[in-house]
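Indexing begins at 1, ligand by ligand and atom by atom, following the structure's order. Treat the numbers as computed from the prediction; the structure is a model and nothing was measured.
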Amino acid sequence: MKKNTLKNILITGGAGFIGSHVVRQFVNKYSNYRVLNLDALTYAGNLENLKEIEQAPNYSFVKGDIADADFVNDLFSQNHFDGVIHLAAESHVDRSITDPVSFVRTNVLGTVNLLNASLQVAKDNPDFLFYHISTDEVYGSLGKEGLFTEKTAYDPNSPYSASKASSDHFVRAYGETYGLPYVISNCSNNYGPNQFPEKLIPLFINNIIQNKALPVYGDGNYTRDWLFVKDHAEAIDLIFHKGKKGETYNVGGFNEWKNIDLTKLLCRLMDKKLNRQEGASEKLITFVKDRPGHDLRYAIDATKINQELGWKPSVTFEEGLENTIDWYFENQEWLDHVTSGDYLEYYKKQYQA
Ligand code: NAD
Ligand code: DAU
């Protein structure tokens, strides 16, 4: 895609964790782009994530729901988008277990609404691109060996991953059936600043600060591949501009950790930061009831994006974790805001605490 032909970019879910990093990256780096951020501001969306760029002349925000077809169609008829980067989603596996329908609504119906609206724009714009951000969870669970490649068959196990798999299939189907130019990436677990403290790393950082139990599901021997969010945003930038239309790219950190080992590393780093005695935070580890259908292991083979687009992660896990911990310490107010109100209810229900 030619850089200077791209003018109007729609980023959905730009007030969320990964979306806010992508919005900042695009607004700061491409002053010739107009970036419109569409977000419903659910519990996971937070305009405080975007303070740094909210006054930028090439940035604007619109609150809206991608599952509302009339709203989406109106938005597309008022703006001639040259590209869509679609991140809006219900993203948390545990919530999908208690409320799967919301995941179908946003992740499946919302994506199809965006695809329908995109078809209209793409008819008059040969450079149009629909970029769908997805997850490695669509591939299901690995055993102790092996890696997910772009050719791994889909085998989702949670309502969340089933909804994301469905949305991926719809994107491909719109490419095959209607010729919509698209690209998809499937990424492993992200961590970093601005992540809502329902996900493992920020939840445990917050609990350690507060001397609260660290609820490790099952025996803790589940494995995830962790990637620093800014490296994901770089990958998204690269794929949007240089990715081949109709292709999928896997993005991962080559950085596998068992949950229990990661938790212990986090405890050690936090003890140092808080000047606590070595081993103090580890005492907070509590093994709790397992997540139903818990996938044993995810691990990404990111060879394709590395060889074809030259991308690789830029920070080590320790650097990324230190940076993340520092961010939460420096943004206690952000943490206080997002852990009040509904969060307390959610926490009580999820952890019986
Ligand atoms: P998040 O939950 O932090 O943010 C999601 C954003 O989408 C929020 O700002 C929310 O307000 C918005 N949103 C939700 N429903 C909406 C609707 N109906 N209409 C408009 N906006 C809506 O999620 P995240 O972790 O930043 O993930 C972003 C994307 O990346 C998702 O598509 C997710 O599946 C994918 N992904 C996430 C990870 C990860 O580790 N977090 C890894 C791989 C892929
Ligand atoms: O792999 C990419 C996916 O990573 C994304 O698509 C999802 O949007 C994102 O939420 C994430 O899913 P996970 O389920 O892997 O992330 P989570 O942080 O919820 O959990 C990470 C691991 O830690 C998982 O094995 C479950 C475990 N866990 C999680 C929580 C919240 C615990 O042991 N205790 C907890 O309290």
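Remark: ligand 1 and A67 share no N or O pair separated by less than 3.5 Å (distance only, no angle test). Considering both main-chain and side-chain atoms, L38 never comes within under 3.5 Å of ligand 1 through any nitrogen or oxygen pair. In terms of N/O distances under 3.5 Å, ligand 1 is not approached by Q195.
When the heavy-atom distances from atom 8 (C) of ligand 1 to V22, N37, T106, D39 are ranked, the shortest goes to D39. The residue among N189, V138, T135, T286 with a heavy atom at the shortest distance from atom 11 (C) of ligand 2 is N189. Heavy-atom proximity to atom 5 (C) of ligand 1, evaluated over S188, A89, S91, is greatest for A89. Evaluated by nearest non-hydrogen atom to atom 3 (O) of ligand 1, the leading choice among W226, F103, F17 is F17. Compare T135, D65, N107 by their heavy atoms: the one nearest to atom 18 (N) of ligand 1 is in D65.
By the 4.0 Å heavy-atom criterion, Y191 is excluded from the residues contacting ligand 1. The closest approach between a heavy atom of G110 and any atom of ligand 1 is not below 4.0 Å. The shell of residues lying under 4.0 angstrom from ligand 1, judged by heavy atoms, excludes S20. Using a 4.0 angstrom heavy-atom cutoff, S134 counts as in contact with ligand 1. Heavy-atom separations between T12 and ligand 1 are all 4.0 Å or longer. Residue H294 places a heavy atom under 4.0 Å from ligand 2. Heavy atoms of Q350 come nearer than 4.0 angstrom to ligand 2 in no pair at all.
For atom 1 (O) of ligand 2, the closest non-hydrogen atom of the protein is D136 OD1, 2.5 Å. The protein atom (non-hydrogen) at minimum distance from atom 43 (C) of ligand 1 is C187 O, 3.3 Å. The single protein non-hydrogen atom nearest to atom 4 (O) of ligand 1 is G16 CA, 3.5 Å, given as residue, atom name and distance. What sits closest to atom 27 (C) of ligand 2 on the protein, heavy atoms only, is N259 ND2, 3.4 Å. The protein heavy atom nearest to atom 13 (P) of ligand 2 is E137 OE2, 3.5 Å. Closest to atom 31 (C) of ligand 2, if we only count protein heavy atoms, is E198 O, 3.2 Å. Protein heavy atom closest to atom 8 (O) of ligand 2, with residue, atom name and distance, is S91 O, 2.7 Å. For atom 36 (N) of ligand 1, the closest heavy atom belonging to the protein is I18 CD1, 3.9 Å. The protein non-hydrogen atom at the shortest distance from atom 31 (C) of ligand 1 is L87 O, 3.2 Å. Protein heavy atom closest to atom 14 (O) of ligand 2, with residue, atom name and distance, is R291 NH1, 2.6 Å. Here the protein heavy atom with the shortest distance to atom 34 (N) of ligand 2 is P215 O, 2.8 Å. Shortest contact from atom 29 (C) of ligand 2 to any protein heavy atom: Y217 CE1, 3.6 Å.
Using modelled atom types, one finds no donor on one side chain facing an acceptor on the other under 3.5 Å when comparing D231 with W311.
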### Query
Going through the checks in order, is the ring-ring contact (aromatic ring centres under 6.0 Å, His included) test met by H92 and F196?
CA-CA 10 Å; H92 195 49; F196 191 80; 8.5 Å; no
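If you look at D136 next to ligand 1, there are no close heavy atoms at all, none under 4.0 Å. Counting heavy atoms closer than 4.0 Å to ligand 1, residue Y160 contributes side-chain atoms (C-beta onward) but none from N, CA, C or O. Neither the backbone nor the side chain of H86 comes within 4.0 Å of ligand 1, counting heavy atoms alone. Both the backbone and the side chain of L200 come within 4.0 Å of ligand 2, counting heavy atoms alone.
A cation-pi arrangement is absent between R95 and F103, since the terminal nitrogen or guanidinium carbon is not both under 6.0 Å from the aromatic centre and inside a 45° cone about the axis.
Note that CG of N49 and CG of D39 are 9.5 Å apart. Values are rounded to the nearest 0.5 Å.
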